[in-house]
Amino acid sequence: MKEVPSCCFLLSTFSDLGLIIKWLKESTVNTPEPLCENFEQSPLKRTFKSKVLARYPENVSGNPFDQDAVNMLCMPKGLSFRTQADQRRPQFHSFIITKEDGSRTYGFVHTFYEEVTSPQICSAMQTLYQMHNAEHASANPPSSSSSSSSSSMDSLASSLDEADSPSSSLSSSRAAGSYDSSRDTLYVSKALCLITPMPFMHACRRFLSQLHRAVTAATAPPLPLESYVHNILYEVPLPAPGRSLKFHGVYEPIVCQRPGLGELPLADFSLAEAFSLLGVENLVQVFNCTLLEMQILLYSQDYQRLMTVAEGLTTLLFPFQWQHVYVPILPASLLHFLDAPVPYLMGLQSKEGTDRSKLDLPQEANLCFVDIDNHYIELPEDFPQFPNKTEFIQELSEVLLSFGISAKAGAPPRTHSSPGSTPSTPNREHKTVALRQLVDDGRNGNLAGEELTVLELLQGNATLERLQALTKRTGVMVAHVDALRAGVKAQGTEGQGNRTAAEEEEIRNAKLNVQLREVFASRFITMFADYESFVIQSAPDLESWLTNREQMHNFDKASFLSDQPEPYLPFLSHFIETQMFATFIDNKIMSQWEEKELLLRVFDARIDKARLYNVRAPSLRSSNYQRCSVLKESAQAIEQRLMKIDHTAIHPHLLDMKIGQGKYVQGFFPKLQADVLNTGPSNNKWSHRTASAQRRKDRLRQKTEHLNLDNDLKEKYMQEARSLGKNLRQPKLSDLSPAVIAQTNWKFVEGLLKECRMKTKRMLVEKMGREAVELGHGEANITGLEENTLIASLCDLLERIWSHGLQVKQGKSALWSHLLHYQAREEKLEQQQADSPVSYVPERRKSDSSISLPSLHISLIQDMRHIQSMSEIKTDVGRARAWIRLSLEKKLLSQHLKQLLSRQALTKKLYKRYAFLRCEEEKEQFLFHLLSLNAVDYFCFTSVFTTIMIPYRVVIIPIKKLSNAMTTSNPWVCVSGELGDSGIMQIPKNVLEMTFDCQNLGKLTTVQLGHDNAGLLAKWLVDCVVVRNEITGHTYRFPCGQWLGKGVGDGSLERVLIGELVVPNAEEDSGRGCWTPPLQRSPTQARRISITSLSGRGTKPTSGQIQEAIGEAVNNIVKHFHKPEKERGSLTVLLCGENGLVAALEQFFHHGFKSARLFQKTVFVWDFVEKAVAYMESADQMGDLQETAEPLGMTCQSVCRYVNAINSTSRNIGKDGKFQLLVCLGARDRLLPQWLPLLVECPVILRMYEDTALLRDRTPVNTLIGVLETLHDFPITLESSLVKGIDL
């Protein structure tokens, strides 16, 4: 096939503007080459390959022309044909090309239809029609209607123009049936394109529109077209920052302006249109997803809408920049790029009438889908909301209303979980008039009223403007329109002089744009006002910083978060993990050594200005909403620039060119003279100015080269430093060979592995903390919020890895889909094994002497079944995340995934050859990185799914050598955790093990164990109670080591035991491939059994050790209250645990205590307390306390009241239990320091304590009082299991 008629381009030099024109080379064309082999469609509905026909100038130094990319983006669907019966309105759209260094080039395209004059093409089209009709007739008997199935590319990218014409359904049915060259006129699409380095969208649109009008007008333009093209290429400069510029198109002057150095950077795409299309709330939600670097897919029939929304979103990110794949218009040939396992912001053209449900996207677990034409969005599950969202939306709505734009909410956003997430397909007529019907569309309350739309139509359309002017001159009144205009102008500014409606509209749009952007910018200025205080500047020079970038800790995230208001934390903890925030901080650090990046410079200046007006201490962070205070001045700056033009460019003029070439033929764009357009003039002032600017750039480049870092090396480091966690900004649009696609996929695989390494390393370091690791402690210094953020980020990464290279997508979650396939295969194998006879293998029994928990069977399928039984989770994405959390908590994530991937036949069936999961070496490294997470303890499942029912298993382990294994009494148990308790449960007689189902108790804290003392063998010496969560496998040991029974020990029938998490031993844990080393502890003091209940033998602590233990116990409680409320853990353990406050005070009271008496029963500390209280009460009755100071008398009464209340409780908690309760109540009610002096002064102490006892030495007692007083600052609350039955 020969070349197809196609397209030509003109590109800029000095002013950096470029122009491109697509048109037909009729002489060389025979048959157009189809873009896709979709022969079901009629030839006029097919698209054909386009190409660049001309570009001016041919070359621009330092800015090579990417012909393939421009061709693809000018006509993303390819070339199309029409007849006189079809709609042929010109279309405008823009596009963007992002280079590898992140710099951007903008293209502005005016597409129109031109008559085909080549007889060969007309006859080729007729031949195609005859072939099509013949095939159709043979395939379909006359009775059946013709169905047009479409190829995958065509289903995703089809003709835009069908959607534009209300009559297209009628005309296409006629046209689809035939094309007759003798009767019909054939037209072909062509495009003019202007390429610029900055987004002067309105100016370029008006210039291209005028250029096309010059060709279609009845009379020739005043000058040859070359003059206008030459003028914009070489004689129209970029406006200086803070200045406006007027230049001349073919018919009217065009104005553009550029913001000043302190203002927000240039953004010319209409935000009003973006807000109108989506609604304020929807746009804020999509903006939030963009900030959190999710995958954003925009969907619309109109290319310009895709660009408007995409550019609107990225503009509003100021001062941050989107760091990932950015393709606002995804050409049909690049649809495989939706498979990219990275965050992206892409735009996809929808086909008229295509249902959302038919759009088969590779991955949706983390996708934000934005259907622009239907004004609705689908959101990912489970992500944090933007801070102060309600007030923020309110402020944006007020700004829109002040410009006459209604801000009612659009269609409510849908999450992927909602069953109705696919919109019902609008019927054909409904879709065809989509643009016209946008205003009063029922689902979209965003758009302004009908009047404003009519006025916007008038103001935006030059032809209608001229018609209106004509009616005025002839005396005809257009009252309705005049009234409209007066009404809208009343909202505008005063003293507008005699500007045209189009100029008025431009000023209005520019003011609205900047005010909306200022509202967004002020949110970030409020949130990050103190960010500089948390930037860590650790490198001495740029070279060492770039070299060690991966190892550097650049931002103190924990301190920053601790300084933020509580409501902001969910969002901020996610946001500061993003690539855009990391790059922002990198730019801040690099600004020490090189010029500040533009956005950073403006942002820092704004923060400094805000500080001048609003001095506040960083600690006084408030979540009160602060409205933007610079709306008025920002709008005034734009208005002044546009009203008072600073510069006027040289007018277009005749060029020194051959006469007679490019002569005017109405309706046909001529071939321009390349020789005059390839070089610019050398004698005008603007070229001198641009040349001197170029020289300045060169000098600056040389200066940076003289830094001690070679420029190429620096660029390499910079690229590597900035590409942490991200891969490609934009796919290469030029070369789409299999080798390039393979290389792109390889980059993705490498990127995913690198991201996995970074994430697991971060999770480990944050969770363990450096000192904790060195000391062997597993105590977390990471907040639950940060932990949750990191785990959510890991879930997202796993979903992206499992989505990469899928053969066929099934369900929203690729990981869960793979797990279900695995489960089906394994269950089938299980069934086959069950049916076949199996030889019996006796189970190995443990010796009876060790009663313990049966080991928990490790099973991937079992864990899946646990998740499937959870009715709280409604979606596949939710199930996958829950399964990841459960596996992580059980330290089985790496093992489970290894097992899942070991079924290679299944993996091959589900994944293409290039998929990450089929790259053996990378897969092994990935599983190894996940294995490293077994070094720390997570409670990410238990702490998130708080309402699910969980089976627990309880085992009671008695000390058999000293007592009966069983008891004749009726024992009971009550298990308590951070989220609640199980209630009292009777244990069947002579059974030491039981299971029960209960709503999630969280981390377990206490067990109450008791019995009713019935029968002959009622006494029971219990070593410990062990409780296991049967889903997560977490096992808690509750040490007891004391008697339960009357007349033995302290006579207790009930004990409150404090739990400790059991670290699995190496044998149990060997299946997991990695285990936590046992925690190193300070030497455990002998339990209370050695102090009181038994013979009193054993090592007793020294007075120094006792005082140290008290200090440590109090210190731990103080630390507990300094943590954020959600991160504190169990206070009960700190009060009553092995090294808690009660145990430390017990040692203090036991020091020098005459407890074991010869031939007498053991005396307890509680006996001393009771005797002291009895003495105080008798002294009070005798009147000895009357003379004492009033507060002292009150204190005596309080200690007596508390001790009597404890003694009169119905619970049989024993003497040690009563002492524990007294200490806990005294700490809660801030009475301990007041009680101590009374007990010390009591004469009973002389009989019951040695002279050397700590309690009889005033110095340690006073120190103890001082230490206990530090607890008065904190609100101590006690678990119900401790204070049950006490009424005070």
_Chi angles and distances behind the side-chain contact (heavy atoms from CB on, under 4.5 Å) call for Leu1057, Val1025_ = CA-CA 8 Å; Leu1057 310 177; Val1025 176; 3.8 Å; yes
*Evaluate the side-chain contact (heavy atoms from CB on, under 4.5 Å) criterion for residues Phe1148 and Ile1110: first the C-alpha distance (whole Å), next the side-chain angles of each, then the deciding distance (0.1 Å), finally the verdict.*
CA-CA 8 Å; Phe1148 192 92; Ile1110 289 172; 3.5 Å; yes
*Go through the steps for Thr1006 and Glu1279 under the test side-chain hydrogen bond (donor to acceptor under 3.5 Å, both in side chains), then give the verdict.*
CA-CA 9 Å; Thr1006 62; Glu1279 241 182 75; 3.1 Å; yes
*Applying side-chain contact (heavy atoms from CB on, under 4.5 Å), run through Trp1043 and Leu1053 and close with a yes or a no.*
CA-CA 8 Å; Trp1043 285 94; Leu1053 292 182; over 6 Å; no
*Run the numbers on Ile1058 and Val1007 for side-chain contact (heavy atoms from CB on, under 4.5 Å), then give the verdict.*
CA-CA 7 Å; Ile1058 310 301; Val1007 158; over 6 Å; no
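No close placement of the Phe1153 and Phe1164 rings is indicated, their centers lying 6.0 Å or farther apart.
Between the side chains of Tyr1202 and Asp1229, a donor-acceptor pair is found at a separation under 3.5 Å. In this structure, a donor-acceptor pair under 3.5 Å is absent between the side chains of Asn970 and Gln986. For the 3.5 Å distance criterion, the side chains of Glu1112 and Asn1139 fail to qualify, holding no donor opposite an acceptor.
A distance of 11.5 Å separates NZ in Lys1046 from NZ in Lys1019, rounded to the nearest 0.5 Å. Taking CG of Leu1278 as the start and CG of Leu1131 as the end, the distance is 7.5 Å to the nearest 0.5 Å. To the nearest 0.5 Å, atom NZ of residue Lys891 and atom CG of residue Leu933 are 10.5 Å apart. Atom CD of residue Gln1147 and atom OG1 of residue Thr1102 lie 9.5 Å apart, to the nearest 0.5 angstrom. Rounded to the nearest 0.5 Å, atoms CG (Leu1238) and SG (Cys1200) are 8.5 Å apart. Summarising the geometry, atom OG1 belonging to Thr1005 is positioned 13.5 Å from atom CD belonging to Glu1060; distances are rounded to the nearest 0.5 Å.
Using a 4.5 Å heavy-atom threshold, the side chains of Gln1107 and Pro1260 count as touching. By the 4.5 Å heavy-atom criterion applied to side chains, Leu1225 and Val1283 are counted as neighbours. Using a 4.5 Å heavy-atom cutoff, the side chains of Leu1044 and Arg1055 are in contact. For the pair Pro958/Asp1023, no side-chain contact is recorded, criterion being any heavy-atom separation below 4.5 Å from C-beta on. For the pair Ile1276 and Leu1135, the minimum side-chain heavy-atom distance is below 4.5 Å. With a 4.5 Å cut-off on side-chain heavy atoms, Leu1009 and Phe1038 do not count as touching.
Of all heavy-atom pairs between Phe1168 and Leu1255, the closest is CE2-CD2, 3.9 Å. Of all the heavy atoms in Ala1227 and Leu1141, the pair that sits closest is CB-CD2, 4.4 Å.
Applying the salt bridge (charged side-chain N to carboxylate O under 4.0 Å, His left out) criterion to Asp981, with sequence neighbours excluded, gives no partner residue.
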Ignoring hydrogens and angles, write down the donor-acceptor pairs under 3.5 Å from the side chains of residues 939-953, residues two or more places apart or on other chains.
unit_1: Thr942; atom_1: OG1; unit_2: Glu889; atom_2: OE1; d: 3.3
unit_1: Thr942; atom_1: OG1; unit_2: Glu889; atom_2: OE2; d: 2.3
unit_1: Ser943; atom_1: OG; unit_2: Phe939; atom_2: O; d: 2.6
unit_1: Tyr952; atom_1: OH; unit_2: Leu1001; atom_2: N; d: 3.0
unit_1: Arg953; atom_1: NE; unit_2: Glu1030; atom_2: OE1; d: 3.3
unit_1: Arg953; atom_1: NH1; unit_2: Glu993; atom_2: OE2; d: 2.6

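Applying the 6.0 Å contact sphere to CD of Glu1108 captures no more than 12 heavy atoms from other residues, nucleotides or ligands.
A salt bridge links Arg1258 to Glu1241: one of the charged nitrogens lies within less than 4.0 Å of a carboxylate oxygen. Ion pair Lys1003/Glu978 not flagged as a salt bridge, since none of the NZ, NE, NH1 or NH2 atoms sits closer than 4.0 Å to an Asp/Glu carboxylate oxygen.
The only member of Leu1232, Leu1222, Leu1236, Ile1106 that meets side chain to side chain contact (heavy atoms under 4.5 Å, CB included) when paired with Leu1145 is Leu1232.
Under the side chain to side chain donor-acceptor pair (under 3.5 Å) criterion, no residue pair touches residues 1264-1273, with sequence neighbours excluded.
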